[in-house]
Enquirer: 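Can you keep this structure in mind? I'll have questions shortly.
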Amino acid sequence: MALADSARGLPNGGGVSPAAGSGAAGSGAAAASGWSSFPEIVELNVGGQVYVTRRCTVVSVRDSLLWRMFSQQQPSELPRDSKGRFFLDRDGFLFRYILDYLRDLQLVLPEHFPERSRLQREAEYFQLPDLARRLAQARAAAARPAALHRDGSLCAEEPPPQPLLGYLEAEPLEGGGGGGASASAPSPTASRSPSGGPLLTPSQSLDGAGGRRSGYITIGYRGSYTIGREAQADAKFRRVARITVCGKTALAKEVFGETLNESRDPDRPPERYTARYYLKFNFLEQAFDRLSEAGFRMAACSSTGTCAFGPEQGGPAEDKIWTSYTEYVFCRD
């Protein structure tokens, strides 16, 4: 990236022009000139996300990439977008945490934050060693309980999964051949569903490793199509701009995986609900296939529609443009 190369390639973090010479006085003059050339309020375009902040915020960590850009270089040396904002080709959504850290040098993340490794990479790119170190320590601390479970030891915060897995093991022997211990224990078949799987409690049906999550997912879309004078011959069929997904975060991620766009609600905890996700594709049937493969069935649907003549929408005078909004509710028991 041109921005990273130009910023990191500065000798000793300096942006001295050839005319300034190599002396300390020339370097100091160039740095002072670069500092005074920037406005007090700077606008940043980071990967398409716009941030507005004070210049003293972005230069708060000495020797960082942003400090070198906005104190050692001239504004004309930095890339800008079409609206004159300083442009950085990085993850725009994770940059909000970089900027929060620069404001008060504190690391505050949401309780359920799945992007620690990516944020650590961003901290390393922006040359913020203290932030990168804190993130690495947090990741190591989060990984330790999982290691304890693999070793078979107990964790006070989360019980081991053996009791739940016990319901999936072999049926007890008929005729009392299972021994005294088995006779005194509850029968696994008493806690099984008609399909043969374990009948889980409500909390287990949402989170348990032995069964699928139950719940609802609502799929919505706004579509339009145009009908000309010749009706079917001139019909321009359904156009879908975006398919929205509403429901529990963990359930939506399980069904749609990498095809789910979480950019409008990136920090939502897994057991919270959201109405701000949408799909990276715009074929309704593809969404239906994924829901069907995950065991969902359609429970209800509703739709509203309006009609307008072409000239009102910038089209031919004789065309009629139909616009509709439709929602489909899917459930899995």
Side-chain angles (χ1 to χ4, degrees), residues 1 3-4 7-8 44-51 53 57-69 88-151 153-161 206-209 213 245 247-280:
M1 178 184 123
L3 175 58
R8 289 181 171 175
L44 306 174
N45 178 347
V46 185
Q49 299 295 311
V50 177
Y51 294 89
T53 186
T57 299
V58 295
V59 299
S60 59
V61 177
R62 188 176 181 83
D63 293 328
S64 66
L65 178 61
L66 292 173
W67 178 84
R68 293 176 181 173
M69 288 173 55
L88 295 95
D89 189 14
R90 300 302 295 179
D91 191 312
F93 296 102
L94 291 179
F95 186 76
R96 61 185 290 195
Y97 303 107
I98 299 292
L99 195 58
D100 283 344
Y101 172 78
L102 292 175
R103 290 190 176 109
D104 52 17
L105 302 183
Q106 296 294 323
L107 175 60
V108 180
L109 297 176
E111 182 178 355
H112 299 279
F113 186 71
E115 306 287 352
R116 293 181 186 272
S117 59
R118 293 180 59 190
L119 182 57
Q120 181 181 346
R121 184 178 62 185
E122 295 297 302
E124 293 169 351
Y125 174 84
F126 285 104
Q127 301 174 23
L128 299 169
D130 182 64
L131 177 58
R133 177 183 56 81
R134 296 187 191 184
L135 289 167
Q137 291 175 348
R139 289 179 58 199
R144 275 195 287 270
L148 291 176
H149 282 301
R150 285 195 296 270
D151 294 340
S153 59
L154 298 180
C155 177
E157 297 180 356
E158 183 179 357
L206 291 174
D207 302 313
R213 296 177 176 88
V245 178
K248 183 167 288 189
T249 301
L251 203 60
K253 291 182 179 180
E254 174 196 337
V255 174
F256 295 106
E258 295 298 324
T259 64
L260 190 68
N261 193 320
E262 310 170 38
S263 60
R264 291 180 177 269
D265 200 0
D267 303 325
R268 181 67 59 174
E271 293 309 318
R272 298 290 297 275
Y273 291 84
T274 181
R276 297 175 63 83
Y277 287 169
Y278 61 93
L279 300 178
K280 296 179 182 179

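Just so it is clear, the model here is predicted, and its values are computed rather than measured.
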Enquirer: What is the distance from atom OG1 of Thr274 to atom CG of Asp265, rounded to the nearest 0.5 Å?
Expert: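 So the gap between those two atoms works out to 3.5 Å.
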
Enquirer: Is the NZ or CZ atom of Arg90 both under 6.0 Å from the centre of the six-membered ring of Tyr125 and within 45° of that ring's axis?
Expert: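 Satisfied, under 6.0 Å and within 45°.
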
Enquirer: Test ring pair (Phe, Tyr, Trp, His ring centres under 6.0 Å) on Phe113 and Tyr97; report intermediate values, then the result.
Expert: CA-CA 11 Å; Phe113 186 71; Tyr97 303 107; 5.0 Å; yes

Enquirer: Would you call Leu88 and Leu66 a side-chain contact if the rule is heavy atoms closer than 4.5 Å?
Expert: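 The answer is yes; the side chains approach within 4.5 Å.
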
Enquirer: To the nearest 0.5 Å, how far apart are CG in Leu251 and CD in Glu271?
Expert: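 With rounding to 0.5 Å, CG (Leu251) is 9.0 Å from CD (Glu271).
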
Enquirer: Flag the pair Arg139 / Ser117 as yes when at least one side-chain heavy-atom distance between them is below 4.5 Å, and no otherwise.
Expert: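 A side-chain contact exists here, since the closest heavy-atom pair is under 4.5 Å.
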
Enquirer: Hey, is Arg121 close enough to Glu124 for a salt bridge, meaning N to O under 4.0 Å?
Expert: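 Glu124 and Arg121: not salt-bridged.
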
Enquirer: Carefully, step by step, assess Val58 and Trp67 under the rule side-chain contact (heavy atoms from CB on, under 4.5 Å).
Expert: CA-CA 6 Å; Val58 295; Trp67 178 84; over 6 Å; no

Enquirer: Does a side-chain N-to-carboxylate-O contact under 4.0 Å join Arg96 and Asp100?
Expert: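 Looking at Asp100 together with Arg96, the answer is no, because their closest N to O distance does not fall below 4.0 Å.
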
Enquirer: Can you tell whether the side chains of Glu262 and Lys253 come within less than 4.0 Å, N to carboxylate O?
Expert: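 Salt bridge: yes.
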
Enquirer: Give the C-alpha distance, both sets of side-chain angles, the deciding distance and a yes or no for side-chain contact (heavy atoms from CB on, under 4.5 Å) between Leu109 and Leu107.
Expert: CA-CA 7 Å; Leu109 297 176; Leu107 175 60; 3.8 Å; yes

Enquirer: Taking the side chain as every heavy atom from C-beta outward, state whether Leu260 and Leu279 have any atom pair closer than 4.5 Å.
Expert: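 Yes, at least one pair of side-chain atoms sits under 4.5 Å.
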
Enquirer: Hey, what do you get for CG (Leu135) to CZ (Arg118), rounding to the nearest 0.5 Å?
Expert: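 The CZ atom of Arg118 is 13.5 Å from CG of Leu135, to the nearest 0.5 Å.
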
Enquirer: So for atom CZ, which belongs to Arg103, do other residues, nucleotides or ligands contribute more than 12 heavy atoms lying within a distance under 6.0 Å?
Expert: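 Yes, because the 6.0 Å sphere around CZ of Arg103 holds more than 12 heavy atoms from other groups.
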
Enquirer: Angle class for the Phe95/Phe126 ring planes (parallel below 30°, perpendicular above 60°, tilted otherwise)?
Expert: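 Plane angle between 30° and 60°, so tilted.
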
Enquirer: What's the separation between atom CG in Leu105 and atom CG in Leu128, rounded to the nearest 0.5 Å?
Expert: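 One finds 9.0 Å between CG of Leu105 and CG of Leu128.
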
Enquirer: How about Leu99 and Val46: do any of their side-chain heavy atoms sit closer than 4.5 Å?
Expert: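 Leu99 does not reach Val46 side chain to side chain.
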
Enquirer: I need the Lys248 NZ to Glu254 CD distance, nearest 0.5 Å.
Expert: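 The CD atom of Glu254 is 11.5 Å from NZ of Lys248, to the nearest 0.5 Å.
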
Enquirer: How many angstroms lie between OH in Tyr101 and CG in Leu119, if you round to the nearest 0.5 Å?
Expert: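 So the OH of Tyr101 and the CG of Leu119 are separated by 11.5 Å.
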
